[in-house]
Structure formats: C-alpha cells, structure tokens
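Everything numeric in this text was worked out from a predicted model, so none of it was measured. Letters go in sequence order (proteins before strands), and every chain restarts at 1.
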Protein chains: 2
Amino acid sequence: MTTENATLAAEWRDLLARHARINAALERELQGSHRLSVTEFEALSRLATEDDMGCRLQQLVDDVHMSQSALSRLISRLHDEGLVERRSCVDDRRGIYACITDAGRARLAEAEVTQAAVLARTLHA
Amino acid sequence: MTTENATLAAEWRDLLARHARINAALERELQGSHRLSVTEFEALSRLATEDDMGCRLQQLVDDVHMSQSALSRLISRLHDEGLVERRSCVDDRRGIYACITDAGRARLAEAEVTQAAVLARTLHA
DNA sequence: AGACAATGCATGCACATGCATGTATATTGC
DNA sequence: GCAATATACATGCATGTGCATGCATTGTCT
C-alpha cells in the first residue's frame with residue numbers, strides 16, 4: 001500500500017526528471033539554432049503533417065499540449081514570423097485554418113535535424 | 001537513419017503527451033484540494049526528506065527541476081503560507097537553509113494522499 | 001592585509017501560459 | 001423566423017518562469 005504509493009511517486013519523479021532534462025536541452029538548442037521554442041516546434045511539426053489545406057485550430061489544441069488561448073497566441077507568433085498562414089474558412093466562418101508556409105517547412109526541416117541530434121543524445125542517456 | 005529519427009521523435013512525443021496528461025491532472029487536483037502547485041509539492045516533498053536542519057537552496061536547485069530564481073520565489077511563496085522556514089546559516093552567511101514546518105508536513109501529508117490517487121489513476125492509463 | 005574573482009541568493013524585466021471573458025458565427029427549439 | 005444556447009477564436013489579466021544582474025559574503029593569490 002504505502003510501498004506501492006512510494007513506487008508510483010518514484011516513477012513519477014523519474015518521468016519528471018527525464019522530461020525536464022530532455023526538454024531543457026531541446027529548448028536550448030532549438031531556440032539557439034532556429035529561434036523556435038519546443039512548443040512552437042511541436043505545433044509546426046503537427047501542421048506539417050497536414051496537406052495544403054491546413055488544420056483547424058480546434059484540432060491542433062487536442063494534439064499540442066496547451067490551452068486554447070496559448071495556442072491562439074502561438075499561432076500568432078508563428079504567423080508574425082511568416083511560418084504559418086491564417087485562413088478563415090468558408091463553410092464555418094468561426095473557424096480558422098492554420099497552414100504551414102514554405103518558409104515554415106524550411107525552418108522546420110532545419111530544426112528537425114537539431115531535434116534528432118538532441119534526442120539521440122538525451123533520450124536514452 | 002530517417003526511420004530511427006522518426007522513432008526517436010515518436011518516443012519523445014509519447015513522453016511529452018504522458019507528462020502533459022499526468023501533470024495536468026496533478027496540477028488540477030493538488031491545486032484544487034490543497035492549494036499546492038506540482039512544483040510546490042515537489043519542493044515540499046524534497047524538503048520533507050531532510051532532517052530538522054533543513055536544506056541549502058543550492059542543493060534543492062539540483063533536485064527540483066527549476067531555475068535558481070524560480071526556486072527562490074517558490075520558497076518565498078511557501079514561506080508566506082507558513083509551510084517552510086528560512087534560516088540563514090552561521091558557517092556561511094550567504095547560504096539559506098529552507099526547513100519544512102509542522103504545518104508544511106501536515107499539508108504535504110494530505111497532498112500525498114491526493115497525489116497517490118492521481119498517479120494510480122493516470123500513470124499507467 | 002588588500003585586491004579580485006567566485007559563490008549564494010534576491011530581484012527587475014520580458015514573456016509564455018491558463019483562466020475568465022468578449023465577439024462573431026452557427027445551431028437548436030419553438 | 002426568432003430567441004436562446006453552443007461553438008470557435010481572440011484578448012485582458014494575473015501569475016510562474018528564465019535570464020541577466022545586483023548585493024552580500026567567502027575564498028584566493030600575492
């Protein structure tokens with residue numbers, strides 16, 4: 001009972017430490033080399049899986065681990081840097097389609113190299 | 001090569017999702033039931049492992065996954081709630097000992113029950 | 001002993017985040 | 001068709017975080 005709880009807590013501490021270590025390394029290198037935060041990379045990466053039409057913000061919220069307001073502003077930042085476009089869609093004028101641009105794909109492609117290197121170094125370290 | 005990178009990226013996405021899911025649940029329940037954030041719980045939990053003398057902040061920084069400035073303010077918050085004491089130590093007057101109070105131990109004990117419940121529910125879900 | 005670097009912690013600042021709310025559009029019930 | 005409700009996204013606000021820096025104390029070198 002108590003020992004099971006201790007085991008759970010220890011497992012959680014491990015997960016926390018692992019996440020913190022990898023996330024910090026990624027943040028540092030992605031930001032340093034490509035001016036992208038981990039969450040920005042995450043969103044951009046998710047957008048790149050879509051075809052040309054893009055993706056409703058509502059959809060993104062489910063995949064990216066962030067509140068709706070945080071996502072809204074994150075897309076704003078990416079838009080300001082020309083990495084994504086915002087398109088209001090015709091069939092539901094409340095909806096916004098976020099669509100990765102060519103510049104976005106280029107930036108992402110560079111960043112993916114860095115990400116792979118960092119993960120290879122830290123994920124199983 | 002590329003498939004290895006994809007595997008690494010997928011593993012990282014899993015870790016990210018897992019962390020986000022559990023962390024969100026913990027944050028909600030610890031905050032809701034005990035007015036403690038996950039990081040505050042973490043620090044308090046770490047402090048509880050020390051004997052009565054407490055622990056240098058410098059030591060805590062290594063265990064808690066946070067910057068030195070964030071920790072300094074976190075201890076301030078816990079101090080304001082009467083959960084920890086700050087003692088400047090005699091042998092090195094730059095150093096601060098953080099020491100959990102009885103109220104801190106009581107609050108932690110309650111919160112640990114909640115944490116165990118949440119972890120049991122979410123860690124292997 | 002005195003100058004100079006290093007260490008431990010606090011704080012100003014910029015910024016990303018979550019919550020609550022606002023605005024516009026869509027849907028439902030009558 | 002109209003009113004009420006729900007949905008999609010944006011935004012004001014409070015807060016927690018990291019970085020750079022400041023201040024006090026300690027260690028080092030000569």
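At a threshold of 4.0 angstrom between heavy atoms, the contacts of A:R28 with the nucleic acid are absent. Across all strands shown, A:T39 has heavy atoms under 4.0 Å from sugar-phosphate atoms exclusively, and none from any base.
Enclosure of atom CG in A:D14 by more than 12 non-hydrogen atoms of other residues, nucleotides or ligands within 6.0 angstrom is indicated. For B:D91, the CG atom counts as densely surrounded, since its 6.0 Å shell holds more than 12 non-hydrogen atoms of other residues, nucleotides or ligands. The environment of A:D62 atom CG is dense: over 12 non-hydrogen atoms of other residues, nucleotides or ligands sit within 6.0 angstrom.
Evaluation of the side-chain contact (heavy atoms from CB on, under 4.5 Å) rule for B:A70 yields B:M66, B:S67 as partners, not counting sequence neighbours.
Between the CG atom of B:N23 and the P atom of D:dT17 there is a distance of 11 Å, given to the nearest Å. Rounded to an integer number of Å, the gap from A:I75 CD1 to C:dT17 C1' is 15 Å. Atom CG of A:L78 and atom P of C:dC15 are 16 Å apart (whole Å). With rounding to whole Å, B:E81 atom CD is found 15 Å from D:dG16 atom C1'.
Within the structure, every pair that satisfies the side chain to side chain donor-acceptor pair (under 3.5 Å) test and touches residues 115-125 of chain A, not counting sequence neighbours, is listed here: A:E29-A:R121, A:H124-B:E11.
Proximity of A:R87 to the phosphate of D:dC9: no side-chain N or O atom is located under 4.0 Å from OP1 or OP2. The phosphate of C:dA10 (OP1 or OP2) has a side-chain N or O of B:R86 nearer than 4.0 angstrom.
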Protein N or O to nucleotides 19-24 of chain C N or O, pairs below 3.5 Å:
unit_1, atom_1, unit_2, atom_2, d
C:dC19, N4, A:S69, OG, 3.0

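Comparing C:dA16, D:dA10, C:dA10 against the side chain of B:I96 picks out C:dA10 as the nearest.
Looking only at distances, no side-chain donor or acceptor of A:R93 sits under 3.5 Å from a matching main-chain atom of A:S88.
Electrostatic pairing of A:E81 and A:R35 does not count as a salt bridge here, judged by no charged N lying under 4.0 Å from a carboxylate O.
Heavy-atom nearest nucleotides on DNA chain C were determined for A:D92 and for A:E40, and the one closer to the 5' end corresponds to A:E40. In this structure, B:Q59 and A:D91 both approach DNA chain C, and ranking their closest nucleotides by distance from the 5' end singles out B:Q59. Take the nearest nucleotide of DNA chain D for A:Q58 and for B:M66: the residue whose nucleotide is more 5' is A:Q58.
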